[in-house]
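Contents: one structure, followed by commentary.
Here is the naming used below: chain letters follow the sequence lines, and residue numbers restart at 1 for every chain. The model shown is predicted, which means the values in this text are computed figures rather than measured ones.
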There are 2 protein chains.
Amino acid sequence: MQKPVTLAPLRVACSGCNLRELCMPMDLSDLDMEQLDDLTCIKHAYQRGGFLYRSGAKFQSLYAIRTGFFKTQVLHEDGREQVTGFQMAGEIIGMDAISSDAHACDAIALEDSEVCEIPFSRMEELSRKLPTLQRHLHRILSREIVRDQGIMLLLGSMRAEERLAAFLLNLSQRFAARGYSPTSFYLRMTRQEIGSYLGMKLETVSRTLSNFQGAGLITIRNKSVEIHNLQKLQRFVGPPQECV
Amino acid sequence: MQKPVTLAPLRVACSGCNLRELCMPMDLSDLDMEQLDDLTCIKHAYQRGGFLYRSGAKFQSLYAIRTGFFKTQVLHEDGREQVTGFQMAGEIIGMDAISSDAHACDAIALEDSEVCEIPFSRMEELSRKLPTLQRHLHRILSREIVRDQGIMLLLGSMRAEERLAAFLLNLSQRFAARGYSPTSFYLRMTRQEIGSYLGMKLETVSRTLSNFQGAGLITIRNKSVEIHNLQKLQRFVGPPQECV
DNA sequence: CATGGGATTTGATTTACATCAAACGCGCTC
DNA sequence: GAGCGCGTTTGATGTAAATCAAATCCCATG
């Protein structure tokens, strides 16, 4: 069974991290060595199923994912849950907690993962000295707002088929940005989790994926997806179908 | 017809603004007079239907609403639109634009309104000197993320009835926080706009409101709403109905 | 005050998706 | 390798909400 334990904490420096391009793309010239030390953060490992943080927990740090895959979810008191995102290497997570000093959602590892813990008070302190870092922090926060608006558009005005196509294309782009194949990848999450994220039931997810496969757009076997035609899939995201 | 013109720009100081509690609740002791001058911003008036900003416009400033009512919406290239929020006095708007230096949505006045323009570069500059302001900015950004997550939960896992009840209760709370009646208020937006925001069609909004009225929960006449029983309405937000 | 156009309500019908249900497949552990 | 449980697929049926349509209301304007 899953043991949500934290393995092997380790201090690391952002300057030496190969994900800097994705998570903290600042101009290095702004950073002298002393300042870099201030940003040094602690690396933790999480097993599949482990909680990075829980809703309600006191806010201390943001987390940069180094390797692995997470989901975030909010729980309604009724027991209903809504997956609010899937996060992969290079992405920053935990920003919802700043507003109330407590985490507003759960973050759970979908595979064995490593994260850098970034103590937020130190981040604020340092960003007062480094305008570039300050600007970057603002951009990250704002980017999250824009991402959420996109999901609102998706949930509010797209049909099941479109949502799923948009979802696959989004994953595709993000894998591509990390140097992986944009057309062949593993889904780390269950149909149920995809459904929760996209506002549909797991059966509908399954059926729609089967339809895509039937139409020759993708091949799906268990959790591995192969997209045969990105353009055709893209055309699914849009009004009903004006078959070209 | 609407003329989206800007009327009567005027310089004002935050120190003298009666909305400070809602939009910039900092400890005044941190601010000396000189710093206050730096935060002085420009007041603009907008007529109903006027654009505060348009999607794609260059990002310069955040805006604090002093009086009035706005909606924000994102447009899909297909012409589909999604209302992403309704903003009222004391709320800050425009934060989605920070990430790309361009506005990601339209902001449109739903009634004659006044806003304070807060040049963002000056805000960043000042927040490097004032940790309290810095912290406040971070909180505002994060609060927007939390708000969006709530809407995702609403759109992804609630039924029409629940969404509309949650919507009315949200308005109720926000009016109450501003010293207005929580049980009697005007809707500034059309059924169509409510529907876009809540992911349903205007007919469904109308029908559901009629149902609420039929159940004696509210009285609705045109755009004026009276909530007769906040608790009962609250109970609508939840799983199907375990009638108490 | 009359007129016109958009907003709203309400009804009839359709439909996309949910629900219920059963079978299958895959990865566990024993 | 047998047995079990979870995740997934697929089918049959039900239903909430969309769509289509028409009547009414309300405000703006001449």
Side-chain angles (χ1 to χ4, degrees), chain A residues 1-3 47-49 71 80-83 108 110-111 154-165 167 186-215 218-225 236 239-241, chain B residues 1-3 47-49 71 80 82-83 108 110-112 154-165 167 186-215 218-225 236-241:
Chain A
M1 285 304 100
Q2 75 225 30
K3 294 177 213 143
Q47 292 187 349
R48 187 155 79 93
K71 71 167 175 179
R80 272 182 300 192
E81 69 178 44
Q82 171 75 30
V83 171
I108 298 167
L110 294 180
E111 62 181 25
L154 180 139
L155 289 173
S157 60
M158 290 189 184
R159 288 165 311 103
E161 224 169 32
E162 297 180 80
R163 294 181 205 178
L164 202 52
F167 171 72
Y186 279 85
L187 300 173
R188 269 73 173 186
M189 67 296 283
T190 66
R191 304 287 189 267
Q192 146 72 29
E193 286 163 338
I194 296 173
S196 170
Y197 180 62
L198 297 177
M200 53 210 252
K201 294 290 144 174
L202 69 94
E203 294 96 327
T204 308
V205 173
S206 177
R207 264 184 253 273
T208 308
L209 286 173
S210 297
N211 292 348
F212 284 168
Q213 182 162 244
I218 65 172
T219 297
I220 181 149
R221 170 147 183 84
N222 301 327
K223 294 209 189 309
S224 77
V225 183
F236 262 77
Q241 277 297 58
Chain B
M1 286 299 100
Q2 75 225 33
K3 295 178 214 142
Q47 293 187 347
R48 186 154 79 93
K71 70 168 176 179
R80 271 182 299 192
Q82 171 76 28
V83 172
I108 298 168
L110 293 181
E111 61 181 24
D112 293 355
L154 181 139
L155 290 174
S157 60
M158 289 189 185
R159 289 166 310 103
E161 224 170 34
E162 298 180 78
R163 293 181 207 179
L164 201 52
F167 172 71
Y186 279 83
L187 299 172
R188 270 73 175 185
M189 67 297 282
T190 66
R191 304 286 189 266
Q192 145 72 28
E193 285 162 339
I194 296 173
S196 170
Y197 180 60
L198 297 177
M200 52 210 252
K201 294 289 144 172
L202 69 94
E203 293 96 327
T204 308
V205 173
S206 176
R207 263 184 255 272
T208 308
L209 287 174
S210 298
N211 292 348
F212 284 167
Q213 182 162 244
I218 64 171
T219 298
I220 182 148
R221 168 144 183 88
N222 301 327
K223 293 209 193 305
S224 78
V225 184
F236 262 77
V237 185
Q241 276 300 57

To the nearest angstrom, how far is [X] atom [atom1] from [N] atom [atom2]?
{"X": "Met158(A)", "N": "dA17(D)", "atom1": "CE", "atom2": "P", "result": "21 Å"}
{"X": "Glu203(B)", "N": "dT13(C)", "atom1": "CD", "atom2": "C1'", "result": "13 Å"}
{"X": "Arg207(A)", "N": "dA22(C)", "atom1": "CZ", "atom2": "P", "result": "15 Å"}
{"X": "Asn211(B)", "N": "dA17(D)", "atom1": "CG", "atom2": "P", "result": "10 Å"}
{"X": "Gln213(B)", "N": "dT8(C)", "atom1": "CD", "atom2": "C1'", "result": "13 Å"}
{"X": "Arg159(A)", "N": "dA17(D)", "atom1": "CZ", "atom2": "P", "result": "18 Å"}
{"X": "Ile220(B)", "N": "dC25(D)", "atom1": "CD1", "atom2": "C1'", "result": "14 Å"}
{"X": "Lys223(A)", "N": "dC6(D)", "atom1": "NZ", "atom2": "C1'", "result": "10 Å"}

> Hey, does Leu202(A) reach any base, or is it just sugar-phosphate, or nothing, if we go heavy atoms under 4.0 Å?
Replying inline: base
> Contact class for Ser206(B) (heavy atom, under 4.0 Å): base, sugar-phosphate, or nothing?
Replying inline: base
>> Please compare Ser210(B) and Thr204(A) by the position of their nearest nucleotide in DNA chain C and report the one closer to 5'.
In response: Ser210(B)
>> Test your reading of the model: is there a side-chain donor-acceptor pair from Ser210(B) to the backbone of Ser206(B), 3.5 Å cut-off?
In response: yes
> Taking Ser157(A) for the side chain and Gln82(B) for the main chain, is one N or O donor matched with an acceptor at less than 3.5 Å?
Replying inline: no
> Could you give the distance from CE (Met189(A)) to CZ (Phe167(A)), rounded to the nearest 0.5 Å?
Replying inline: 4.0 Å
>> Regarding dT9(C), can its base be found pairing with the side chain of Arg221(B) as donor and acceptor, where the two atoms are less than 3.5 Å apart?
In response: no
> Do the non-hydrogen side-chain atoms of Thr219(B) and Gln213(B) ever get within less than 4.5 Å of each other?
Replying inline: yes
>> Within the structure provided, determine whether Glu193(B) and Lys71(B) are in side-chain contact (heavy-atom separation under 4.5 Å).
In response: yes
> With sequence neighbours excluded, what pairs up with Ser224(A) under the side chain to side chain donor-acceptor pair (under 3.5 Å) test?
Replying inline: none
>> Among residues 191-201 of chain A, which ones have heavy-atom contacts with DNA chain D below 4.0 Å?
In response: Arg191(A)
> What residues, two or more places apart in sequence or in another chain, satisfy salt bridge (Lys or Arg N to Asp or Glu O under 4.0 Å) together with Arg188(B)?
Replying inline: Glu111(B)
